[in-house]
Amino acid sequence: MGTHTHQNKEFFNNEAANYDARHEKTLDQIIQEIRARLDFIGVDWVADDDDNDNEGEDGKPSSGKTVRLLDYACGTGVVSRALAPYTTQCVGIDLSENMVAAYNARAENQGLATEEMHAYQGNICDPEDPSPAALASPGFHNFDIAAVGLGFHHFDDPELAATRLAERLRPGGVLLILDFLPHGKFDTHHPAAHTVTHHGFSEDQIKGIFTKAGVGKDFALDEVSRDIKFNRPALADHNHDHGSSQMHRRLFLARGTKA
Ligand SMILES: C[S@@+](CC[C@H](N)C(=O)[O-])C[C@H]1O[C@@H](n2cnc3c(N)ncnc32)[C@H](O)[C@@H]1O
């Protein structure tokens with residue numbers, strides 16, 4: 001396991017219990033920003049229509065239409081929660097078993113069945129393990145959309161991640177990335193500093209990554225208009241002056257289609 005991978009696993013295992021409470025407002029904003037861009041994302045969604053006469057008993061369309069989401073680096077599941085009303089299945093994967101447990105606890109509390117929303121511990125970005133055995137079954141392939149919310153800047157090799165995610169899309173499937181535009185470097189005393197591999201991404205960088213991964217068709221990037229604030233995690237060293245307890249970030253959503 002690479003150093004950053006190890007540090008991410010440890011850091012997010014410790015963060016899992018507090019993640020939703022600490023970032024509640026920010027996560028709500030992210031849900032709104034994603035839902036405001038359903039057409040931009042360009043998936044043939046399931047209609048979120050409460051009056052839908054064609055629904056089966058489970059509230060999903062009885063037409064048999066399926067829209068499957070892979071929520072990679074899912075954390076507690078903000079991307080899944082944003083897109084659940086427009087999909088038939090959300091599958092989460094995360095490096096951190098505690099994040100996976102938090103994701104699954106939320107899904108179960110909402111009364112969702114495993115077939116509707118469930119996460120699994122795993123890492124598809126390990127250069128030495130191209131196809132982890134635990135993620136080899138058909139249930140982890142042929143997705144209509146694969147999304148990474150705020151994960152790319154933690155990966156050692158985002159291009160490898162995009163390539164591996166593209167392999168798990170059906171032809172015509174969409175890769176969706178939510179991440180930061182370029183920003184100043186972290187204070188090295190920040191508790192999350194060692195988990196971050198990239199200080200944001202430019203449009204050209206992201207377009208290059210999508211193109212090389214084979215998901216560059218109809219590439220588009222949209223800056224999320226609002227200035228988003230993130231509350232910092234608890235500080236490891238209370239004697240050090242870390243400045244503001246909030247970080248301001250500019251976010252983008254980028255999408256591309258697998259040819
Ligand atoms: C900032 S959190 C984002 C979580 C969630 N997607 C969200 O938007 O709230 C980053 C997540 O990436 C996960 N992660 C980091 N490196 C990973 C890797 N190589 N494979 C899978 N997950 C990874 C961490 O465990 C953590 O849950």
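Every number for a ligand or one of its atoms is a count from 1 in the order of the listing. Values below: all heavy atoms of this structure, side chains included; hydrogens, waters and symmetry mates excluded.
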Classify the ring geometry of F201 against H198: parallel below 30°, tilted from 30° to 60°, perpendicular beyond 60°. parallel

Numbered in order shown, the ligand 1 atoms found under 4.0 Å of a heavy atom of N123 are 18 (C), 19 (N), 20 (N)

Counting from 1 in the order shown, the ligand 1 atoms closer than 4.0 Å to a non-hydrogen atom of S96 are 25 (O)

Shortest protein heavy-atom distance from atom 1 (C) of ligand 1, along with the residue and atom involved: L150 O, 3.4 Å

Side chain, backbone, both or neither: the part of C74 lying under 4.0 Å from ligand 1 by heavy atom: backbone

Please confirm whether D94 comes under 4.0 Å of ligand 1, counting heavy atoms of the residue only. yes

At under 4.0 Å between heavy atoms, which part of V78 makes contact with ligand 1: side chain, backbone, both or neither? side chain

Is it true that R255 and D222 make a salt bridge, defined as a side-chain N closer than 4.0 Å to a carboxylate O? no

Does an N or O anywhere in L95 fall below 3.5 Å from an N or O of ligand 1? yes

Of all the non-hydrogen atoms in the protein, which one sits nearest to atom 24 (C) of ligand 1, and at what distance? F12 CD1, 3.3 Å

Using a 4.0 Å cut-off to any heavy atom of Y72, which atoms of ligand 1 qualify? 18 (C), 20 (N), 21 (C)

Suppose I only count heavy atoms of H154 and a 4.0 Å limit; which atoms of ligand 1 are within that range? 1 (C), 10 (C)

So if I apply the side-chain contact (heavy atoms from CB on, under 4.5 Å) rule between F143 and each of L169, L175, L69, L165, which one comes out positive? L169

Report the C-alpha distance between R37 and E33 in whole Å, list the side-chain angles of each, state the deciding distance to 0.1 Å, and finish with yes or no for salt bridge (Lys or Arg N to Asp or Glu O under 4.0 Å). CA-CA 7 Å; R37 288 174 178 76; E33 298 290 354; 2.8 Å; yes

Judging by distance only, is a nitrogen or oxygen of M99 under 3.5 angstrom from one on ligand 1? no

Going by the order shown, which atoms of ligand 1 are within less than 4.0 Å of some heavy atom of N8? 15 (C)

4.0 Å heavy-atom contact, D156 with ligand 1: no

Taking a cutoff of less than 4.0 Å between a non-hydrogen atom of the residue and any ligand atom, is T5 in contact with ligand 1? no

Has ligand 1 got any nitrogen or oxygen that is less than 3.5 angstrom from a nitrogen or oxygen of G149? yes

So the atoms of ligand 1 within less than 4.0 Å of a heavy atom of Y19 turn out to be 1 (C), 2 (S), 3 (C), 4 (C), 7 (C), 9 (O)

May I ask you to list the atoms of ligand 1 that are less than 4.0 angstrom from any heavy atom of L27? 9 (O)

Evaluate the ring-ring contact (aromatic ring centres under 6.0 Å, His included) criterion for residues F152 and F252: first the C-alpha distance (whole Å), next the side-chain angles of each, then the deciding distance (0.1 Å), finally the verdict. CA-CA 12 Å; F152 249 40; F252 69 80; 8.3 Å; no

Using a cut-off of 6.0 Å, state whether more than 12 heavy atoms not belonging to N109 lie near its atom CG. yes

Donor-acceptor pair, distance only, cut-off 3.5 Å: does the side chain of R168 make one with the backbone of F140? yes

State whether a side-chain donor-acceptor pair under 3.5 Å links N123 with Y72. yes

Using a strict 4.0 Å cut-off to heavy atoms of A73, name the atoms of ligand 1 that fall inside it. 4 (C), 5 (C), 6 (N), 11 (C), 12 (O), 13 (C), 22 (N), 23 (C)

